[in-house]
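Notes to accompany the following structure.
Source: prediction; values computed, not measured.
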Amino acid sequence: IMSTLYYTSKLGNKYPMNEIEQNHEKSLKEIHELRNSKGNSTCADCGRKGTIWSSVNIGIFLCLRCGSFHRAIGTHISKPKGCTGTYLWGPDEIARMKEIGNIRSNAIYGGIEDMPSSNINNNASDSEW
């Protein structure tokens, strides 16, 4: 008897691994398009250009620096995932990124107006955050 392998998304849903692997290139293309769409090409947290990480449960795209902070704060708060091709993406994860995105998340959680005033050039120190 052959058992089916499953992929468990960061949102907790399970999918047959072969389906996820078959759709990998398509999923990466969707993530790439989302990352480059309005609002998602700059980091949801600091505003820097170039988003290569995401927080799947929050539905935001992040720069390398902020992605590393999200990786450190714990998966009970943020479920970070790289966007550059190393990770597999489940349909629920892509749907969450489409549903929320950086513009909507900043309207929910706060945006540019809530950043440290010294971050005008994206260079606020870690202690100011």
Could you give the distance from CG (Leu64) to CZ (Arg48), rounded to the nearest 0.5 Å? 9.0 Å
Would you give me the side-chain donor-acceptor pairs under 3.5 Å for residues 21-31, sequence neighbours excluded?
from	atom 1	to	atom 2	distance (Å)
Asn23	ND2	Glu19	O	3.1
Ser27	OG	Asn23	O	2.9
Glu30	OE1	Lys98	NZ	2.7

Once you round to the nearest 0.5 Å, how far does CD1 of Ile58 lie from OH of Tyr109? 6.0 Å
Going by chain and number, the hydrophobic cluster around Ile103 (ILVMFWY, side chain to side chain under 4.5 Å) further includes none
What residues form a side chain to side chain donor-acceptor pair (under 3.5 Å) with Ser105, not counting sequence neighbours? none
Shared hydrophobic cluster, Ile52 / Ile100 (ILVMFWY, side-chain heavy atoms < 4.5 Å): no
Residues in side chain to side chain donor-acceptor pair (under 3.5 Å) contact with Asn13, at least two apart in sequence or another chain: Asp92
Over all atoms of both residues, closest heavy-atom pair of Ala44 and Ile60: CB-CB, 3.7 Å
Looking at Thr42 and Gly47, what are the two nearest heavy atoms and their distance? CB-O, 3.6 Å
Contacts of type side chain to side chain contact (heavy atoms under 4.5 Å, CB included), residue Asn36, not counting sequence neighbours: His32
Testing the basics here: between Trp89 and Cys83, what is the closest heavy-atom pair and its distance to 0.1 Å? CZ2-SG, 4.0 Å
Sequence neighbours excluded, every pair satisfying salt bridge (Lys or Arg N to Asp or Glu O under 4.0 Å) that has a member inside residues 78-89: Lys81-Glu93
Among all residues two or more places apart in sequence or in another chain, which pass the side chain to side chain donor-acceptor pair (under 3.5 Å) test with Thr8? Lys14
Tell me, do Asn40 and Met97 make a side-chain contact under 4.5 Å, heavy atoms counted? no
Members sharing Tyr15's hydrophobic cluster, built from side-chain contacts under 4.5 Å between Ile, Leu, Val, Met, Phe, Trp and Tyr, are Leu5, Tyr7, Met17, Ile20, Leu88
Closest heavy-atom contact between Val56 and Arg96? O-CG, 2.9 Å
List the residues meeting side chain to side chain donor-acceptor pair (under 3.5 Å) with Ser55, not counting sequence neighbours, and say none if there are none. Asn57, Ser78
Would a hydrophobic clustering, with Ile, Leu, Val, Met, Phe, Trp and Tyr connected at side-chain separations under 4.5 Å, put Leu34 with Leu11? yes
What pairs with Arg35 under salt bridge (charged side-chain N to carboxylate O under 4.0 Å, His left out), at least two apart in sequence or on another chain? none
